[in-house]
Protein chains: 2
Amino acid sequence: MPKPNSLRKTAATRDSEATKCQILDAAMIEFAVGGLAAARTESIAAKTGVTKAMIYYYFNSKEELYRAVMQRCFNEDLQLVKQLNLDQLTPPQALVTVISNMYQKMCKRPQMASILALESIQNSGKYYPQQTAEILFDQLIGLLERGIDSGDFRPLESRHTAINIVGSCAFYFIARENLQHMWPGQDLLCPEMIDRQSKEATKMILAGVLASDKSV
Amino acid sequence: MPKPNSLRKTAATRDSEATKCQILDAAMIEFAVGGLAAARTESIAAKTGVTKAMIYYYFNSKEELYRAVMQRCFNEDLQLVKQLNLDQLTPPQALVTVISNMYQKMCKRPQMASILALESIQNSGKYYPQQTAEILFDQLIGLLERGIDSGDFRPLESRHTAINIVGSCAFYFIARENLQHMWPGQDLLCPEMIDRQSKEATKMILAGVLASDKSV
DNA sequence: CCAATAATTAACTTACTTGTTAGTTATCTT
DNA sequence: AAGATAACTAACAAGTAAGTTAATTATTGG
């Protein structure tokens with residue numbers, strides 16, 4: 001009487017796609033803590049149901065595995081962003097949407113912010129899939145400029161402002177473990193906390209960006 | 001005719017304090033790229049005029065060296081912050097001062113933001129000198145609450161807002177290498193750029209935080 | 001059900017990294 | 001100026017980590 005499909009690697013043996021995915025998931029967690037340089041292949045393997053050799057079987061090297069993780073991160077991201085159809089919204093609405101979307105994404109993949117930050121710090125972003133990071137930022141910058149032109153936003157410097165907006169969001173996730181002490185016992189990743197942080201950020205950013213004669 | 005005091009380690013031989021300082025400086029640069037885990041003692045030594053053995057002679061281990069670097073970072077920081085005398089300023093003035101001070105500090109030690117971010121991501125902040133990070137955050141939170149009480153600021157959630165403020169500042173330095181592409185050829189650490197970023201952040205944050213019936 | 005192939009492992013090799021040690025050179029004291 | 005001590009180095013030992021290999025086990029198609 002063999003169990004056909006237990007949770008762990010017990011059954012469902014030998015499914016290459018599942019194994020690749022397991023490795024990618026484990027790698028994402030490991031890379032999100034140490035980045036490419038400090039990640040240990042042994043440690044990644046330990047998080048999966050398979051041996052280290054499988055990493056090399058499917059991904060050839062730690063570096064290529066890292067590339068694959070990055071790729072997957074950004075693909076998901078781009079997919080989501082394209083579905084937003086920001087052009088059909090007013091600039092303030094679009095901005096609110098972008099911010100809310102950022103938090104949702106981070107909430108779904110809490111490792112995201114750390115991985116991107118680590119890649120930037122450790123490797124100057126050279127492993128980012130070509131221009132993908134640019135696309136995401138440019139979208140926000142474009143939206144800000146549209147809002148300035150329409151008079152919804154005050155005349156601000158779009159690039160610097162975009163940095164401030166993304167930064168305020170990313171920081172919550174990057175410094176999560178340190179911010180913990182402000183809310184003892186609370187899980188900073190629980191939906192309620194994320195929601196409060198998101199709302200507070202949205203309010204501040206919107207008020208900071210809107211032309212003084214406008215309001216939402 | 002021996003040179004008495006050339007720039008490198010040529011002359012001025014055997015000055016223990018200078019050597020310790022050289023090691024700390026080199027370590028700071030190395031730790032700011034990879035964090036404790038990815039930093040190589042060999043690589044730190046290579047940045048100094050002395051051998052790796054000196055690291056162990058003066059600091060015993062990579063970990064203790066890391067602790068020393070952290071300590072020095074925070075000591076400087078606390079010193080500066082205490083001199084601000086925020087209590088003698090109105091809340092909006094105090095906030096402007098805090099923001100401007102953050103940028104100045106980061107400008108002086110561009111590795112700072114990366115080191116703190118890496119420590120948080122890699123080690124959950126366990127190497128921060130006891131409570132020092134808390135003090136810095138609490139100061140900002142206290143100031144925000146004072147502003148809410150006085151009616152200068154709108155009723156916001158001080159902790160979340162503090163995170164947004166610090167985040168928008170830190171991100172510029174953390175993601176510096178990636179943001180580079182927005183200003184091709186420009187040095188993001190040059191005083192003019194920092195000044196523009198700082199001004200833009202100040203404007204946005206202040207507008208985002210001030211009660212709607214107030215202005216600076 | 002058997003052969004071919006794909007997935008997987010355990011054990012190993014090679015390169016790197018931390019930390020040590022024994023010995024060397026400069027500086028300071030008397 | 002000699003002896004003591006502090007600063008320093010080169011070479012090494014021990015442990016760790018990346019990547020490989022040869023053999024093993026499951027799956028699939030005829």
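By convention in this document, chain letters (A, B, ...) are assigned in the order of the sequence lines, proteins followed by strands, and residues within each chain are numbered from 1. Every value quoted in this text rests on a predicted model; they were computed, and no experiment measured them.
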**Q** Would you say the base of dG19(D) and the side-chain of Lys52(A) have a donor-acceptor pair closer than 3.5 Å?
**A**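 Side chain to base: pair present.
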
**Q** Would you kindly give the CE-to-C1' distance between Met54(B) and dT18(C), to the nearest whole Å?
**A**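 To the nearest whole Å, that distance equals 16 Å.
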
**Q** Given atom CD of Glu63(B) and atom C1' of dT18(C), what is their separation to the nearest angstrom?
**A**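 Computing the Glu63(B):CD to dT18(C):C1' distance gives 13 Å.
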
**Q** Both Ala37(A) and Glu17(B) contact DNA chain D. Taking the nearest nucleotide for each, which residue is further toward the 5' end?
**A**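 The answer here is Glu17(B).
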
**Q** Here's a test of your reading of the structure: between Ser16(B) and Ala53(B), which maps to the more 5' nucleotide of DNA chain D?
**A**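 Nearest nucleotide further toward 5': that of Ser16(B).
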
**Q** From dG19(D), dT18(C), dA7(D), pick the nucleotide closest to the side chain of Lys62(A)?
**A**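 So the side chain of Lys62(A) is nearest to dG19(D).
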
**Q** Can you check the Tyr56(A) OH to dA22(D) P distance for me, whole Å?
**A**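 Computing the Tyr56(A):OH to dA22(D):P distance gives 18 Å.
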
**Q** Phosphate oxygens OP1/OP2 of dT18(C): is one of them under 4.0 Å from a side-chain N or O of Thr41(B)?
**A**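 Yes.
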
**Q** Would you say a side-chain N or O of Thr51(A) is under 4.0 Å from OP1 or OP2 of dT8(C)?
**A**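 False: Thr51(A) side-chain N/O out of range (4.0 Å or more) of dT8(C) OP1/OP2.
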
**Q** Atom NZ of residue position Lys105(A) - does it have more than 12 heavy atoms of other residues, nucleotides or ligands inside 6.0 Å?
**A**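 Enclosed.
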
**Q** Hey, is the side chain of Ser61(B) poking within less than 4.0 Å of OP1 or OP2 on dG19(C), counting only N and O atoms?
**A**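 It does not, given that no N or O in the side chain of Ser61(B) lies less than 4.0 Å from OP1 or OP2 of dG19(C).
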
**Q** Tabulate below the donor-acceptor pairs under 3.5 Å that side-chain atoms of residues 163-174 of chain B make, not counting sequence neighbours, or state none.
**A**
{"unit_1": "Asn164(B)", "atom_1": "OD1", "unit_2": "Gln197(A)", "atom_2": "NE2", "d": "3.0"}
{"unit_1": "Asn164(B)", "atom_1": "ND2", "unit_2": "His160(B)", "atom_2": "O", "d": "3.3"}
{"unit_1": "Ser168(B)", "atom_1": "OG", "unit_2": "Ile165(B)", "atom_2": "O", "d": "3.0"}
{"unit_1": "Tyr172(B)", "atom_1": "OH", "unit_2": "Leu188(B)", "atom_2": "O", "d": "2.8"}

**Q** Just compare dT25(C), dG19(C), dA26(D) and give me whichever is closest to any side-chain atom of Arg14(A).
**A**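 Between dT25(C), dG19(C), dA26(D), the one nearest the side chain of Arg14(A) would be dA26(D).
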
**Q** Starting at CD of Glu42(B) and ending at P of dA15(C), how long is that distance when rounded to a whole Å?
**A**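 Rounded to whole Å, this separation is 17 Å.
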
**Q** Suppose we screen for salt bridge (charged side-chain N to carboxylate O under 4.0 Å, His left out). Which residues come up paired with Glu17(B), at least two apart in sequence or across chains?
**A**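 Once residues adjacent in sequence are excluded, the partners of Glu17(B) under the salt bridge (charged side-chain N to carboxylate O under 4.0 Å, His left out) criterion are Lys20(B).
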
**Q** Distance criterion of 3.5 Å, no angle test: do you see the side chain of Arg40(A) paired donor-to-acceptor with the base of dT16(D)?
**A**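 Result: no qualifying N/O pair found.
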
**Q** Can you measure Ile55(B) atom CD1 to dT9(D) atom C1' for me and round it to whole angstrom units?
**A**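 So the two atoms are 14 Å apart, to the nearest Å.
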
**Q** Rounded to the nearest Å, what distance is computed from the OH atom of residue Tyr57(B) to the P atom of nucleotide dA26(C)?
**A**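 My rounded result for the distance is 16 Å.
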
**Q** So that I can tick it off, tell me whether Arg196(A) and Glu192(A) are bridged by a salt bridge, with the cut-off set at under 4.0 angstrom between side-chain N and carboxylate O.
**A**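 Arg196(A) and Glu192(A): not salt-bridged.
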
**Q** Taking Glu64(B) for the side chain and Tyr56(B) for the main chain, is one N or O donor matched with an acceptor at less than 3.5 Å?
**A**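 Checking the backbone N and O of Tyr56(B) against the side chain of Glu64(B), no donor-acceptor pair under 3.5 Å is found.
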
**Q** So, are Asp77(A) and Arg109(A) salt-bridged, with charged N and O less than 4.0 Å apart?
**A**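 Salt bridge: no.
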
**Q** What are the atom names and distances for every N/O pair under 3.5 Å that joins the protein to nucleotides 28-30 of chain D?
**A**
none

**Q** Under 4.0 Å: is that the gap between some side-chain N or O of Tyr58(B) and OP1 or OP2 of dC8(D)?
**A**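 Indeed, a polar side-chain atom of Tyr58(B) lies that close.
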
